[in-house]
Amino acid sequence: QVQLVESGGGLVQAGGSLRLSCAASGRTFSTYFMGWFRQAPGKEREFVASIMWNGGNTYYADSVKGRFTISRDNAKNTVYLQMNSLKPEDTAVYYCAAARDPAGVRRQYYYRDSSYDYWGQGTQVTVSS
């Protein structure tokens with residue numbers, strides 16, 4: 001069982017930055033691939049970024065590429081999302097997610113929320129214009 005707790009959300013002006021953190025419990029954190037998703041009011045949850053277990057491979061939605069950076073510190077059981085040049089359309093609840101993938105098969109579907117086994121409670125990010 002893995003528990004995820006996000007933090008770092010808040011209100012920021014357009015063009016500003018925020019850094020989200022996701023603290024995970026569990027001794028096998030380093031074997032999971034991790035993702036960030038977001039859900040805006042009235043919209044479906046969407047993929048934002050993902051990082052593989054060793055941090056060597058990262059993936060981003062086109063809408064955030066070049067502005068957001070995902071990283072992880074396995075020693076601290078924490079994954080981060082650095083968000084720069086924020087836009088009002090980035091306003092959403094941001095969720096951290098973890099996926100078990102011992103067979104190495106699910107990781108190719110990193111962009112699907114159905115690929116993930118555990119979810120955090122979410123943290124609100126609001127970008128004002």
Side-chain angles (χ1 to χ4, degrees):
Q1 189 76 6
V2 174
Q3 291 186 322
L4 305 172
V5 179
E6 301 100 332
S7 61
L11 173 64
V12 64
Q13 288 189 329
S17 298
L18 282 174
R19 188 194 196 200
L20 305 183
S21 298
C22 173
S25 65
R27 292 175 291 178
T28 59
F29 172 78
S30 62
T31 65
Y32 288 67
F33 68 88
M34 305 294 294
W36 286 96
F37 288 75
R38 66 186 182 186
Q39 187 167 22
K43 295 187 177 181
E44 293 186 352
R45 186 163 57 190
E46 64 175 4
F47 168 75
V48 175
S50 180
I51 186 167
M52 296 300 110
W53 70 272
N54 62 357
N57 295 88
T58 57
Y59 305 93
Y60 298 93
D62 288 342
S63 59
V64 307
K65 202 171 293 184
R67 299 187 298 122
F68 290 11
T69 302
I70 188 171
S71 62
R72 67 190 293 167
D73 185 337
N74 288 341
K76 295 182 178 180
N77 280 11
T78 302
V79 63
Y80 305 97
L81 185 68
Q82 177 67 43
M83 305 186 295
N84 299 328
S85 303
L86 282 162
K87 304 175 181 179
E89 51 263 43
D90 293 318
T91 295
V93 177
Y94 282 71
Y95 297 92
C96 173
R100 291 174 289 117
D101 189 26
V105 174
R106 301 172 80 189
R107 64 196 64 179
Q108 63 184 310
Y109 304 111
Y110 58 84
Y111 51 91
R112 295 180 182 172
D113 56 6
S114 59
S115 296
Y116 295 80
D117 302 291
Y118 304 102
W119 293 82
Q121 82 289 351
T123 185
Q124 176 70 46
V125 172
T126 303
V127 184
S128 62
S129 58

Verdict with reasoning, Leu86 to Phe68, per side-chain contact (heavy atoms from CB on, under 4.5 Å) = CA-CA 9 Å; Leu86 282 162; Phe68 290 11; 3.8 Å; yes
Ser50 (side chain) donor-acceptor with Tyr59 (main chain) under 3.5 angstrom | no
Flag, side chain of Arg72 to backbone of Met52, donor-acceptor distance under 3.5 Å | yes
Taking atom CD of Gln108 as the centre, does the number of heavy atoms from other residues, nucleotides or ligands within less than 6.0 Å exceed 12?
-> yes
If you count the non-hydrogen atoms of other residues, nucleotides and ligands that lie under 6.0 Å from CD in Gln3, is the total more than 12?
-> no
Could you list the residues that satisfy salt bridge (charged side-chain N to carboxylate O under 4.0 Å, His left out) with Lys65, not counting sequence neighbours?
-> Asp62
[X] versus [Y]: any side-chain heavy-atom pair under 4.5 Å?
X      : Y      : result
Arg112 : Arg106 : no
Val79  : Tyr32  : no
Tyr80  : Ile70  : no

I need the minimum non-hydrogen distance between [X] and [Y], along with the two atoms involved.
X      : Y      : result
Pro88  : Ala14  : CD-CB, 4.1 Å
Gln39  : Lys43  : NE2-O, 3.0 Å
Val105 : Tyr109 : O-CD1, 4.1 Å
Leu4   : Ala24  : CD2-CB, 3.5 Å

I need the [X] [atom1] to [Y] [atom2] distance, nearest 0.5 Å.
X     : Y     : atom1 : atom2 : result
Thr78 : Leu20 : OG1   : CG    : 12.5 Å
Leu81 : Met34 : CG    : CE    : 11.5 Å
Ser63 : Asp90 : OG    : CG    : 7.0 Å
Ser21 : Gln82 : OG    : CD    : 9.5 Å
Asn57 : Ile51 : CG    : CD1   : 9.0 Å

Sequence neighbours excluded, every pair satisfying disulfide bond (SG atoms under 2.5 Å apart) that has a member inside residues 4-101 | Cys22-Cys96
Going hydrophobic residue to hydrophobic residue with side-chain gaps under 4.5 angstrom, can you get from Val5 over to Trp119?
-> no
In the single-linkage hydrophobic clustering (I, L, V, M, F, W, Y; side-chain heavy atoms under 4.5 Å), do Met83 and Val93 co-cluster?
-> no
Check: residues 120-127 side-chain donor-acceptor pairs under 3.5 Å, at least two apart:
| from | atom 1 | to | atom 2 | distance (Å) |
| --- | --- | --- | --- | --- |
| Gln121 | NE2 | Glu6 | O | 3.4 |
| Gln121 | NE2 | Glu6 | OE1 | 3.4 |
| Thr123 | OG1 | Gly9 | N | 3.2 |
| Gln124 | NE2 | Ala92 | O | 3.4 |
| Gln124 | NE2 | Thr126 | OG1 | 3.3 |

Between Phe37 and Tyr116, how do the two ring planes meet: parallel, tilted or perpendicular, split at 30° and 60°?
-> perpendicular
Would you mind telling me which of Trp36, Tyr110, Tyr111 makes a ring-ring contact (aromatic ring centres under 6.0 Å, His included) with Phe47?
-> Tyr110
Among pairs that include at least one residue of residues 93-103, which meet side-chain hydrogen bond (donor to acceptor under 3.5 Å, both in side chains), considering only residues two or more places apart or in two chains?
-> Arg38-Tyr94, Arg100-Asp117, Asp101-Arg107
For residues 10-19, the side-chain hydrogen bond (donor to acceptor under 3.5 Å, both in side chains) pairs (sequence neighbours left out) are Ser17-Asn84
Any salt bridge (Lys or Arg N to Asp or Glu O under 4.0 Å) pairs touching residues 74-86, not counting sequence neighbours?
-> none
